[in-house]
Amino acid sequence: MSDAPTAAQPTDFIREMIRADVAAGKHGGKVVTRFPPEPNGYLHIGHAKAICIDFGVAKEFGGRCHLRMDDTNPTTESMEYVEAIKRDVRWLGFDWGEHLYFASDYFERFYELAEKLIMKGRAYVCDLPEEVFSKEYRGTITEPGKESPYRSRSVEENLELFRQMRAGKFKDGEKVLRAKIDMASPNMKMRDPPLMRIKHAHHYRTGDKWCIYPLYDFAHCLEDSFEGVTHSLCTLEFESARELYDWVIQATEVPHVPKQTEFARLNLTYTVMSKRKLQKLVEGKHVSGWDDPRMPTLAGLRRRGYTPESIRELIARTGVAKNISTVDVALLEHIVREDLDRRSPRVMAVLRPLELVVESWPEGEIEELDAPYWPAGTEPGEDVKLRGSRKLPFSRVLYIERDDFAEQPPKGWKRLAPGRKVRLRHGYVVTCAGVEKDASGQIVRVRATHDPATRGGATPAGEKVDGTIHWVSAARAVDVEVRLYDRLFLVENPGEGDKDFLEELNPASLTVLTAKAEPSLAAAKPGDRFQLERTGFFIVDEDSKDGAVVLNRTVALKDSWQKVVAKSEGAPSSRDVSSKREKEKKEKGREAEKKPEPAATELSPEAARLRDAHGLPPETARILAQEPVLLDLFSAALDAPNGKDLAKPIATLLANDLLGEIRARKLEKVPFGGAAVAELAGLAKAETISTAQTKIVLAEMLATGKAPKAIVDEKGLAQIASADALAPIVEQVLAENADAVGRYRAGNKNVFGALVGMVMKKSGGRANPKVIKELLEKKLG
RNA sequence: UGGGGGAUCGUCUAAUGGCAGGACGACGGAUUCUGGCUCCGUCUAUCUAGGUUCGAAUCCUAGUCCCCCAGCCA
């Protein structure tokens, strides 16, 4: 993390794409990204993912990343949020340099481009009220919409009306500027989407200068273009907006063309991430504010004691992909413990005190013991201030944790109990001599005697203790407020199904205690971090005042004893339950899938004819019959000299290898004829080339239209089938991969394929796999 | 349902026709002046069904399930 060397450079589909773009010299090899929040709320850990990706890739490719406030909606935004966003991005560890931008600075340019669209006849002023357009004109996902009666207004009229819109002649919603695209588009976003709307509202930056404001789909792509953004990275829900993004760029004829790419947003278990839900938590006073330490906001996480390094590490470890996923918060907790372990000096505090009287210790005597801040073997990070050790007062009356004493200890108990001997950490070994109870039977005091030979907690050779517990001197303890934070919700996915997420709040997400702490803690300042031994990692809260320290628990220590206790109580953890449920659901789904018997699909007459005439597998026949391009090629190929004998390989070649290409590129014809296909099939049949090579040749044919034989000669693809030629390569591979050979001999038969592959690679893909196999089998016995 | 995306251990993710790998987690053990840290071991996966191939998570076909889009929010 902070000073640990980062593991391998992260790689993912976005970085791969950018690497390819740079290699191809797109945008002169430059990379410009942007992080574009709307300043209408606080950033949360989901935004952190976008920030890490946007700033991270820019840095990795030697480019730059802009921080841009996407402030096109005057009614929701404010300067307070702008400042909060800047603070949080900086805290996370990123720097935008001079590149801070505001969409609101581009309002005039948006307006000019809107007029341009009107003049090109690609936008119009529409008078339809919102609900009318939505109900009567937009259509539905299955039915096309119909055109607005205002769609055919003249350029002059549109221009005049649009200027009046700007001049404030109309009320909110009375008119809107629409793109003139296609009311029948299968993509709802393309059905004449609104570009500029009327809003008589004060904007926090432009004041009352404007009463028309651009909408996201019009503004965002242009902002990217204006700023020279090359890669506009956003989350998955904008996938269907990409077509419109490209339309606006093309229609406005802006010189710079950015490209949008989408990735999956970050979700975490046991929390909510949507702005709407977070707002409800704040407004409903379920939390103390946007920076409540239980909130997934960056401000909340910071106050909770999470480090920016730990958050960046979470993003790095969870990766970038397009799968919609929910990361287990246990991973974040693991990462922050790992990080805090090196940042947090160890001190002691007793959260739920129980008096322990050391009867063998003289009344009134206090001894200062030396206690190291760091356990042996733990290397503190560079930026920690507290090193070495501090003094710990030992006295006759101490406090220990109530949980560390049991009158009737359960099996496996490693703490104090009558007659048991434990080490008081850095203190003395004590033996429990008895308990005192009040009238109600409550334990109020534990009595013990100490062993003077164990000063500092040392145990003479051979001596065993039942365990080690933490403690503080009652005479010298300082009171500190301890805020124990736990997960905000009881369930992994709050609000899942039709549940109300507020009913799934964890009532015990905050416990406030007055703890007894060792005296050194009195000097703690806000931001200081500690590990309270055997309890958890804590940070000193900003609410602390002189003499009144407040500690927030960032994360508890792992507690394997608690797990034992929970298990003996027989309560399955919620995780077990939910994963079990998942599994059942999955199995059910599979059963349901299996039920319908594979109905023998009826072949069309044409497909049946192909199957019968050439002995084709039904599936292949069906594909040929329904794809005219393939069918033409097939019949032409049959007319080639050896075509009739190759009917089946030709058919599979077409249906299996060519079909995908045709569909992917939406080709209506290919640059070669049936004879070429027959020739290719012939080459494969004669084992002049291998099946894998067939695909390479086919791709080349598609690209250049050259004849198969010519391509094989030109690229030197002809197969090597001679054992004499291949034997040395096989020998070499075996010699270089002794470990793989070992695994094969040990029983991992899959290694065989890998060895074939290695020989293949060494031969430039030209070796005949059947011959390789024979050679390998002979060698490996 | 039209369009656009996605499906790999319980979770997240890798493998770009050639040994299904890593991390978290769970379980067991070693070590320990924190039931922490550290170390060792074990567990668990390619949505289904066909096809192509010497070889398929990856290519082809058909299906299943999940997500997004019908704000004048972003």
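First the proteins, then the strands, lettered A, B, ... as listed; each starts at 1.
- At distances below 3.5 Å, at least one donor-acceptor pair connects side-chain atoms of His200(A) with backbone N or O atoms of Phe170(A).
- Rounded to whole Å, the C1' atom of rG71(B) lies 40 Å from the corresponding atom of rA57(B).
- Ser690(A) comes within contact range of no nucleotide atom at all, as no heavy-atom separation falls under 4.0 Å.
- A search for ring-ring contact (aromatic ring centres under 6.0 Å, His included) contacts involving Phe133(A) returns nothing, not counting sequence neighbours.
- Distance check on atom P: rG36(B) versus rA30(B) gives 13 Å, rounded to whole Å.
- Atom CD in Glu533(A) sits roughly 13 Å away from atom C1' in rU32(B) (whole-Å rounding).
- Distance Leu698(A) CG to rU53(B) P: 15 Å, rounded to the nearest Å.
- Asn768(A) is linked by a side-chain contact (heavy atoms from CB on, under 4.5 Å) to Glu687(A), Gln719(A), Ala721(A), Lys770(A), Val771(A), counting only residues two or more places apart in sequence or in another chain.
- Residues passing the side-chain contact (heavy atoms from CB on, under 4.5 Å) test with Val741(A), sequence neighbours excluded: Leu734(A), Arg745(A), Leu780(A).
- The stretch residues 749-759 of chain A touches RNA chain B through Asn750(A), Val751(A), Gly753(A), Ala754(A), Val756(A), Gly757(A), each having a heavy atom under 4.0 angstrom from the strand.
- To the nearest angstrom, P of rC24(B) lies 18 Å from OH of Tyr270(A).
- Residue-level contact check: Met196(A) touches neither bases nor backbone, having no heavy atom under 4.0 Å from any strand.
- The same atom, C1', is picked in rA14(B) and in rC19(B); the two are 14 Å apart, to the nearest Å.
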I would like to know whether Tyr137(A) and Asp192(A) meet side-chain hydrogen bond (donor to acceptor under 3.5 Å, both in side chains); could you show each step before the answer?
CA-CA 10 Å; Tyr137(A) 288 87; Asp192(A) 287 11; over 6 Å; no

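- Rounded to whole Å, the P atom of rC37(B) lies 11 Å from the corresponding atom of rC24(B).
- Listed by first residue number, the stems of RNA chain B with at least three Watson-Crick or G-U pairs below 3.5 Å are B:2-7 with B:64-69, B:10-13 with B:21-24, B:25-30 with B:38-43, B:47-51 with B:59-63.
- Ranking rG36(B), rG25(B), rG35(B) by closeness to the His334(A) side chain, first place goes to rG25(B).
- With rG35(B), rC12(B), rG25(B) as the candidates, the nucleotide lying closest to the side chain of Ser560(A) is rG35(B).
- Closest-nucleotide positions on RNA chain B for Thr142(A) and Arg346(A) were compared, and the one nearer the 5' end corresponds to Thr142(A).
- The separation between Ile45(A) atom CD1 and rC12(B) atom P is 16 Å, rounded to whole Å.
- Looking at heavy-atom distances under 4.0 Å, Gly467(A) makes no contact with the nucleic acid at all.
- Counting to the nearest Å, the C1' atom of rG55(B) and the CD atom of Glu774(A) are 15 Å from each other.
- For Arg663(A), counting side-chain heavy atoms from C-beta on, the closest listed nucleotide (rU61(B), rG5(B), rC67(B)) is rU61(B).
- For Lys773(A), the salt bridge (Lys or Arg N to Asp or Glu O under 4.0 Å) criterion is met by no residue, not counting sequence neighbours.
- Listed nucleotides rG35(B), rG36(B), rG28(B) differ in distance to Lys567(A); the shortest reach to its side chain belongs to rG28(B).
- Here the separation of rU1(B) from rC59(B), taken at their C1' atoms, is 30 Å to the nearest Å.
- Rounded to whole Å, the P atom of rU48(B) lies 36 Å from the corresponding atom of rG29(B).
- Using a 90° window around 0 for the glycosidic torsion, rG51(B) falls outside it and is classed as anti.
- Of the candidates rU53(B), rU34(B), rC19(B), the closest approach to any side-chain atom of Thr691(A) belongs to rU53(B).
- Donor-acceptor pairing under 3.5 Å, judged by distance alone, is present between the side chain of Asn656(A) and the base of rG51(B).
- Closest non-hydrogen pair, Leu624(A) versus Leu654(A), comes out as CD2-CB, 4.0 Å.
- Rounded to a whole angstrom, the distance from the C1' atom of rG10(B) to that of rA26(B) is 9 Å.
- Of the candidates rC54(B), rG35(B), rU34(B), the closest approach to any side-chain atom of Leu557(A) belongs to rU34(B).
- Rounded to whole Å, the distance from NZ on Lys322(A) to C1' on rG4(B) is 9 Å.
- Between rU61(B), rC24(B), rG25(B), one nucleotide has an atom nearer to the side chain of Arg317(A) than all others, and that is rC24(B).
- The environment of Lys749(A) atom NZ is dense: over 12 non-hydrogen atoms of other residues, nucleotides or ligands sit within 6.0 angstrom.
- Legend: residues meeting side-chain contact (heavy atoms from CB on, under 4.5 Å) with Thr378(A), ordered by chain and number and at least two apart, are Asp341(A), Arg346(A), Trp374(A), Pro375(A).
- For Arg534(A), taking side-chain heavy atoms from C-beta onward, the closest of the listed nucleotides rG35(B), rC60(B), rG18(B) is rG35(B).
- Whole-Å rounding puts the Leu331(A) CG to rC24(B) P distance at 8 Å.
- Take Arg265(A) and apply the salt bridge (Lys or Arg N to Asp or Glu O under 4.0 Å) test, not counting sequence neighbours, and it matches Glu237(A).
- Remark: the Ser240(A) side chain and the Asn187(A) side chain contain no N/O donor-acceptor pair separated by less than 3.5 Å.
- Side chain of Lys563(A), nearest nucleotide from rU34(B), rC19(B), rC27(B): rC27(B).
- For the C1' atoms, the distance linking rA15(B) with rC72(B) amounts to 47 Å, nearest Å.
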Which letter, B, S or -, goes with each nucleotide of nucleotides 69-74 of chain B from 5' to 3', with contact meaning a protein heavy atom under 4.0 Å?
SSSBSB

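- In terms of the side-chain contact (heavy atoms from CB on, under 4.5 Å) criterion, residue partners of Ala264(A) (sequence neighbours excluded) are, by chain and number, Leu236(A).
- Every residue two or more places apart in sequence or in another chain that forms a salt bridge (Lys or Arg N to Asp or Glu O under 4.0 Å) with Asp657(A) is listed here: Lys695(A).
- What separates NZ of Lys762(A) from C1' of rG18(B) is a distance of 14 Å, to the nearest Å.
- Nearer to the 5' terminus of RNA chain B, by closest-nucleotide assignment, is the contact made by Asp739(A) (compared with the other of Asp739(A) and Pro769(A)).
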Please evaluate residues Ser310(A) and Asp339(A) with respect to the criterion side-chain hydrogen bond (donor to acceptor under 3.5 Å, both in side chains), reporting the C-alpha separation (whole Å), side-chain torsions for both, the decisive distance (0.1 Å), and the verdict.
CA-CA 7 Å; Ser310(A) 65; Asp339(A) 189 21; 4.7 Å; no

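- Nucleic acid contact class of Glu333(A) (heavy atoms, under 4.0 Å, all strands): none.
- Side-chain to base pairing of Arg337(A) with rG36(B): no donor and acceptor N or O lie closer than 3.5 Å to each other.
- Partners of Lys175(A) under the salt bridge (Lys or Arg N to Asp or Glu O under 4.0 Å) rule, at least two apart in sequence or in another chain, are Asp127(A).
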